[in-house]
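Please read the structure below before turning to the comments.
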There are 2 protein chains.
Amino acid sequence: MTTQPGSGTLRSRRIARSRQRLVETALPAFTERGYEAVTVDWLCDQAEVSKRSFFRYFDGKEDLALTPLNDVWRLLIADLDTVLDRSGPLLEVLGEALVAVVEQMPPGWERLAVLSARLSGTTPAVDAAGLLVCEGFTDQVVGAITQRLPGSSGAELSARVVCAVAVAGHRAAVDAWQSEPGAETTATRGELCALLRESFAAAPAALEIRLP
Amino acid sequence: MTTQPGSGTLRSRRIARSRQRLVETALPAFTERGYEAVTVDWLCDQAEVSKRSFFRYFDGKEDLALTPLNDVWRLLIADLDTVLDRSGPLLEVLGEALVAVVEQMPPGWERLAVLSARLSGTTPAVDAAGLLVCEGFTDQVVGAITQRLPGSSGAELSARVVCAVAVAGHRAAVDAWQSEPGAETTATRGELCALLRESFAAAPAALEIRLP
DNA sequence: ATGCCAAGTGCCACTGAGTGCCAGTTTGGT
DNA sequence: ACCAAACTGGCACTCAGTGGCACTTGGCAT
């Protein structure tokens, strides 16, 4: 997690710092020397964490690489119950919640998030792990929706479709954001939020697209 | 590939037979003894293929596990140019093409496809690989669409969204198909096609879903 | 038929991710 | 100060996947 230190017990702060150190070491290294050229062993050396602990802190190398981006989804999942208490079109609700979560990420988040996004576009293994996290998000939403709208036939499929659109919108926005010139130094979360809103606003009409 | 032998050169038929033997050995073994309990070495032993060749035939263990399902997407991608020559709503065109591809899979396909689908629901690593293949499909469609509809602003996002919906529809259909009681012996591709049509027909309305 | 060549193959050693185990060390509560 | 539970490090291990290289073999031109 990209958690700012200072909260929780001593122990959990130590863990947060170790994680942070690993992410901070890893993402630039991945970018400069290539994802597979950087080994977990080397990273553990650098960050002074044992390999064993590494795998306690992260689900794997891909999870590490995706930490900044995954944190967004994880936070959104954690807030799901609150989010779904709102009313209105599900797609809009999810879109606004996504923007809200991005806005509350800790300062400095964008620097690492850009690297994470690029990596995801470059390295299939990382991309796949990202898709899996989004799939987990979908499952959560589907579960929550079928619980809230019991009996309404087709609610499950609807939830699935809406989540798929939300994920696609998010991916498109992040992709555009990350590929802006000079993004590694100047990309702001404000820009990302704008792109997200754009994608989500355009999505409903997108289904209409026809071949001539 | 789930290719029926008899076509191509002697050499390519040998390869096809080896692949087939591996798939035929692997999927039941994965199902009975668990995905990670079955090692690639053991499979190579059983199918009398060297490990080196295994990795020439498949992109990896996950690719092997997903062969029946992936073949559908690969075939669809191969036919993309023909498919996109049709006119009408993109989502419908893709849906019909998907059904058509399923219908032309070789006989006996469903038996292995069911196993593949279950595995994908059980084993995250397999699921992730499947998502990646779908992502590849999306990229192909997006490429083809932006080439065919140049200048139309937002075509890329639209294509992305439609593909996301198509993939979600496919997943929902396969999921329902695979979990029917007794699917391992009685699931027919006719049933799958019906489910696919259902999902695709219901998808456009799904975006409207609202929270109360 | 023959013989050449590139594509395909088997084997072996190697790397690197990820896990099981277990004995030691914090740390929070009492 | 003490204890149980949570956490840690280190080590050996498994297994997926790759590189390298000598060897076979199917396809083809002659």
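Not measured: the values here are computed from a predicted model. Lettering follows sequence order; numbering is per chain, from 1.
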Distance check needed: D/dG26 P versus B/I15 CD1, whole Å only. 12 Å

Pair up each side-chain donor or acceptor in residues 177-184 of chain B with any protein partner under 3.5 Å, not counting sequence neighbours, and list the distances.
unit_1	atom_1	unit_2	atom_2	d
B/W177	NE1	B/T188	O	3.0
B/S179	OG	B/D175	O	3.0
B/S179	OG	B/A176	O	3.2
B/E184	OE1	B/R118	NH1	2.7
B/E184	OE1	B/R118	NH2	3.2

With the criterion being N/O to N/O and under 3.5 Å, what pairs connect the protein with nucleotides 5-7 of chain C, and how long is each?
unit_1	atom_1	unit_2	atom_2	d
C/dA7	N3	B/R11	NH2	3.2

Separation between OH (B/Y35) and CG (B/L27), nearest 0.5 Å, reads 10.0 Å

Salt bridge (charged side-chain N to carboxylate O under 4.0 Å, His left out) assessment of B/R197 paired with B/E103: CA-CA 13 Å; B/R197 278 189 245 266; B/E103 267 161 356; 3.7 Å; yes

How close or far is atom C1' of D/dA16 from atom CG of B/L64, stated in whole angstroms? 13 Å

Any idea which of D/dG9, C/dG18, C/dG10 is nearest the A/K61 side chain? C/dG18

Can you list, by residue number, the residues of residues 40-55 of chain B that have a non-hydrogen atom closer than 4.0 angstrom to DNA chain D? B/V40, B/K51, B/R52, B/F55

So which nucleotide from C/dT9, D/dA16, C/dG16 ends up closest to the side chain of A/T39? C/dG16

Sidechain N-carboxylate O distance under 4.0 Å for A/E48, A/R21: no

Separation of D/dT8 atom P from A/L22 atom CG, nearest Å, is 12 Å

What integer distance in Å separates B/R13:CZ from C/dG8:P? 15 Å

Under the salt bridge (charged side-chain N to carboxylate O under 4.0 Å, His left out) rule, what do B/D63 and B/R19 come out as? Steps first, then yes or no, please. CA-CA 11 Å; B/D63 181 39; B/R19 282 182 62 104; 5.2 Å; no

Angle, rounded to 10°, between the helical axes spanning five pairs at each terminus of the helix from C/dA1-D/dT30 to C/dT30-D/dA1? 30°

Show every donor-acceptor pair shorter than 3.5 Å between a side-chain atom in residues 156-164 of chain B and any protein atom, with sequence neighbours excluded, or say none if there are none.
unit_1	atom_1	unit_2	atom_2	d
B/E156	OE2	B/R160	NH1	3.1
B/S158	OG	B/G154	O	2.9
B/R160	NH2	B/D139	OD1	3.1

Considering only NZ, NE, NH1 and NH2 on the basic side and carboxylate oxygens on the acidic side, decide whether A/D85 and A/R148 come within less than 4.0 Å. yes

In whole angstrom, what separates B/Y57's OH from D/dA16's C1'? 18 Å

Measure from CZ on B/F58 to C1' on D/dT18 and round the result to the nearest Å. 18 Å

Residue pairs involving residues 36-56 of chain B (criterion ring-ring contact (aromatic ring centres under 6.0 Å, His included); sequence neighbours excluded): B/F54-B/F58

Answer with base, sugar-phosphate or nothing: what part of the nucleic acid does B/R14 contact at a heavy-atom distance below 4.0 Å? nothing

Within this structure, what is the CG-to-C1' distance between B/D59 and D/dA16, rounded to whole angstrom? 14 Å

Within this structure, what is the CZ-to-P distance between A/R56 and C/dC21, rounded to whole angstrom? 13 Å

Check this for me, if you would: do A/D41 and A/R52 make a salt bridge, where the nitrogen-to-carboxylate-oxygen distance has to be below 4.0 angstrom? no

Any salt bridge between A/E24 and A/R111, counting N to O under 4.0 Å? yes

Closest to the 5' end of DNA chain C, once B/S18 and A/G60 are matched to their nearest nucleotides, is B/S18

Should the pair A/R171-B/E135 be classified as a salt bridge under the 4.0 Å nitrogen-to-oxygen rule? yes

I'd like to know if B/D81 and B/R86 make a salt bridge, using a cut-off of under 4.0 Å between side-chain N and carboxylate O. no

